[in-house]
2 protein chains.
Amino acid sequence: MGIREVARRAGVSVATVSRTINRVHPVSPEIAARVWQAIAEVGYVPNTQARALVSGRSRILGLIVSDITNPFFPELIHGFEQFAVEARFEVLLGSTNYDPALMASVVRRMIERRVEGVAVMTSEMESSLLEQLTDRRVPLVFMDVAPLAPRVSNVCVDYAAGVTQAVQHLQRLGHERLAFIGGPLQLKSARQRRDAFLHCLASYPAAPPLVLDGDHKLEGGELAVQKLLSAVPRPTAVLCSNDLTAIGVLHGLDAEGLRAPRDMSVVGFDDIHMARFTLPPLTTVRLSRAALARLAFDALIRDLQNPEASPGATYRLETTLVVRASTARLGAAAPAAG
Amino acid sequence: MGIREVARRAGVSVATVSRTINRVHPVSPEIAARVWQAIAEVGYVPNTQARALVSGRSRILGLIVSDITNPFFPELIHGFEQFAVEARFEVLLGSTNYDPALMASVVRRMIERRVEGVAVMTSEMESSLLEQLTDRRVPLVFMDVAPLAPRVSNVCVDYAAGVTQAVQHLQRLGHERLAFIGGPLQLKSARQRRDAFLHCLASYPAAPPLVLDGDHKLEGGELAVQKLLSAVPRPTAVLCSNDLTAIGVLHGLDAEGLRAPRDMSVVGFDDIHMARFTLPPLTTVRLSRAALARLAFDALIRDLQNPEASPGATYRLETTLVVRASTARLGAAAPAAG
DNA sequence: TTGAAAGCGCTAACAC
DNA sequence: GTGTTAGCGCTTTCAA
């Protein structure tokens, strides 16, 4: 079963078997062939724990997300795992559910498994937890948070530009009274989206903007609709902190007998795959999960390969406005079907 | 950093440190206190690979799914991970994308990490792969597929009952010409759903049923709408193999200027969380992810704790029809909003 | 190019 | 209750 058995069958030493498998030292072709033959015969699969122990490399990368049931994350996870597996890494996934206690447990589990790097794609990270990782010189990459330190990289999404694109789109359509539905405020990314919205409107002193609370879930959007509709004057358009919230709004409006964009223009954020399939299809700000996954993975690998603990880099990620059918000119008749 | 350092600081042997941590053998309170103190001082975290190597237990469970971007799976994964972490297991996730080659790579990775059990929540598993796992005496639990063998359990979803509930619901509403949009036919669960539909209609010799191809994705539903609408006579209701397909249908109908349930009643399958938020909210057959996760996890743990390789058990999982607003009486006016 | 042997960090047998 | 020690399966010096 083990490497010894393979060595015995091939009539070589375990060292030679190891070298054959790892292709790092030269092995004569005839011997290599005998070894591969023996490996096939016994169905030998190397034991990763033993390898990790002796080499000091677990070949595991941690990936921390907020909420795996938010479609944004599976799409991100999918990309990240793909890159990881290509590079012969395994991914240890951690979901925090926006809960700092869970985050602590996730970090602990990752340290126990001796992850070689962690991508933190959520931001409710206490600095004490961060230190546990940095003290062990584990490369880290954050999204939107930049606690600059050696081997800590950062992917910065340009929320301001994304939000501005959305707001300008609405303003061009004649909307002046805008509302915003935020996300969990312990998330820096959610705060940034909200702040970008307020900042953006500060320069257009039309009507004071309405800011409502959400939770980045369907329910939050649904719930916010009541307040949205009872505000005086009633907003004519709403920008949501993510697509799930926007889908909740669409549903909430429908429950009131209203429809986007006729009664209210609705804009999402993220452009999850589902956004093209809502009724009406959602106008939203695209934040590419594939690009985010790529950036995060590459940042980790770079810091991993860099022996000196040089300061981590900062990467920028741009957004694009995707105009679909949930927004329309203020007062326009409902667009023709199709 | 290691257990030796802790032992040195606490003035005890490494064995005592190990016993203190694992609480399996008695340790005197004063010594235990000294050990915990030393552990805190050095920030000691046990190395899981070393533990796994010596104990022969990796404390890793494999979870194989088809497609992590199908919302059905994140909800399942979430439950499974929760149970696993509670029991001090880690989850190694594998996505196959309905691709047998990927499945092979997933199984290989799991064997390399020496998983202690695998939940296969998809069914494109070749028997040769299955053997690699069973040969190593790894407990397995499948969904819908029952290759009966020692330590191989099975969770059987009662698709026939679910589909029957849906069909009867439509028939009670006066629908006679029904269509079905299937899933990837390499999936046994998809075949079972389709077969249940055909079987169900065989006893009501009204109009011959229309069966269309889908892929369990949004796109498949969208695409099927063309064929659905051009069929003569046109079906008045459609049952979809999963919710994603149904949401695609809703979108496809809208693109044609049609709307459910006025122009076509639509029924989904799974009851993903999103189903309550579609327009109109989706009538669907609920298959509880939490229950599925629980059953699968418990089956694994049971086989794991059972030293003799007794044959795995079969568990049943029932479905329930959830009536929402995407179905209506044939020829009825559109229901009032709300 | 190959082999012998040390040892990664820990648990578990055995001795005391 | 506690310490000593062998050894899990592998990689990696070091020597040949």
Side-chain angles (χ1 to χ4, degrees), chain A residues 1-36 38-39 42-60 88 90 109-116 136-137, chain B residues 1-39 42-60 88 90 108-116 136-137:
Chain A
M1 273 291 137
I3 201 173
R4 298 190 98 87
E5 173 65 11
V6 175
R8 202 186 57 70
R9 287 210 179 213
V12 297
S13 71
V14 291
T16 299
V17 177
S18 175
R19 289 185 193 115
T20 306
I21 292 171
N22 296 309
R23 304 170 199 277
V24 56
H25 290 286
V27 174
S28 80
E30 310 84 68
I31 292 201
R34 287 219 310 274
V35 171
W36 286 119
I39 286 174
V42 285
Y44 171 69
V45 177
N47 181 327
T48 315
Q49 353 264 11
R51 283 223 261 216
L53 189 59
V54 65
S55 70
R57 302 205 51 189
S58 66
R59 301 209 75 85
I60 301 178
R88 308 186 40 72
E90 216 54 73
R109 282 160 48 207
M110 293 193 171
I111 292 176
E112 285 181 348
R113 298 272 167 191
R114 299 295 192 265
V115 291
E116 294 191 51
R136 289 180 164 78
R137 308 180 175 279
Chain B
M1 273 290 139
I3 200 173
R4 299 190 96 89
E5 173 66 11
V6 174
R8 203 186 57 70
R9 287 210 179 211
V12 297
S13 70
V14 292
T16 300
V17 177
S18 175
R19 291 197 271 253
T20 306
I21 292 171
N22 296 310
R23 305 170 196 277
V24 56
H25 291 285
V27 175
S28 82
E30 310 87 65
I31 292 200
R34 286 217 313 275
V35 171
W36 286 119
Q37 166 83 26
I39 285 174
V42 285
Y44 171 71
V45 177
N47 182 326
T48 315
Q49 353 264 14
R51 283 222 251 220
L53 189 58
V54 66
S55 69
R57 302 205 49 189
S58 66
R59 300 209 74 84
I60 301 178
R88 305 185 44 68
E90 215 55 70
R108 165 83 190 195
R109 283 159 49 206
M110 294 193 170
I111 292 175
E112 284 182 347
R113 298 272 167 192
R114 300 296 191 264
V115 292
E116 295 190 50
R136 290 179 165 77
R137 308 181 174 279

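Lettering of chains follows the sequences in order, A, B, ..., and the numbering in each one begins at 1. What you see is a predicted model, and the numbers here were worked out from it, not measured in a lab.
Between the side chain of Arg19(A) and the base of dG3(C) there is at least one donor-acceptor pair of N/O atoms closer than 3.5 Å.
Each of Leu53(A) and Ile31(B) was matched to the nucleotide of DNA chain D holding its nearest heavy atom; the match closer to the 5' end belongs to Ile31(B). With DNA chain D read from its 5' end, the first of the two nearest nucleotides for Val54(B) and Ala15(B) is the one closest to Ala15(B).
Comparing dT1(C), dA5(C), dT2(C) by their closest approach to the side chain of Val14(A) singles out dA5(C). Closest to the side chain of Ser28(B), from the set dC10(D), dG1(D), dG3(C), is dG1(D).
In this entry the distance linking CD1 of Ile111(B) with P of dG9(D) reads 16 Å, nearest Å. Between Arg4(A) atom CZ and dA5(C) atom P there is a gap of 11 Å when expressed in whole angstrom units. With rounding to whole Å, Ile3(B) atom CD1 is found 16 Å from dT5(D) atom P. The nearest whole Å value for the distance from the CE atom in Met1(A) to the P atom in dC8(D) is 16 Å. In this structure, the CZ atom of Arg8(A) is 20 Å from the P atom of dT2(C), given to the nearest Å. Between Asn22(B) atom CG and dC10(C) atom C1' the separation is 9 Å, expressed in whole Å. Rounded to an integer number of Å, the gap from Arg57(B) CZ to dC8(D) P is 19 Å. Per the geometry, CD belonging to Gln49(B) stands 13 Å off C1' belonging to dC8(D), to the nearest Å.
Considering OG1 of Thr16(A) and CD1 of Ile21(A), their distance stands at 11.0 Å, rounded to 0.5 Å. Atom CD of Glu112(A) and atom OG of Ser58(A) lie 13.0 Å apart (nearest 0.5 Å). The CD1 atom of Ile3(B) lies 8.0 Å from the CD1 atom of Ile39(B); values are rounded to the nearest 0.5 Å. Gln49(B) contributes atom CD, which lies 12.5 Å from atom CZ of Arg51(A) (distance to the nearest 0.5 angstrom).
Residue Arg51(B) places at least one side-chain N or O closer than 4.0 Å to OP1 or OP2 of dT11(C). Side-chain N/O atoms of Ser18(A) include none lying less than 4.0 angstrom from OP1 or OP2 on dC10(D). The phosphate of dC8(C) has neither OP1 nor OP2 within less than 4.0 Å of any side-chain N or O from Asn47(B).
A 6.0 Å sphere centred on CZ of Arg136(A) holds more than 12 heavy atoms belonging to other residues, nucleotides or ligands.
Nucleic acid contact class of Thr16(A) (heavy atoms, under 4.0 Å, all strands): sugar-phosphate only. Within the nucleic acid shown, Val24(A) has no heavy atom closer than 4.0 Å to any nucleic acid atom.
Taking every heavy atom of both residues into account, Ile60(B) and Arg113(A) meet most closely at CG1-NH1, 3.4 Å.
A search for side-chain contact (heavy atoms from CB on, under 4.5 Å) contacts involving Val54(B) returns nothing, not counting sequence neighbours. With sequence neighbours left out, the side-chain contact (heavy atoms from CB on, under 4.5 Å) criterion links Arg57(A) to Ser55(A), Arg59(A), Phe89(A), Glu116(A), Leu304(A).
Rounded to 10°, the helix from dT1(C)-dA16(D) to dC16(C)-dG1(D) has 30° between the axis fitted to its first five pairs and the one fitted to its last five.
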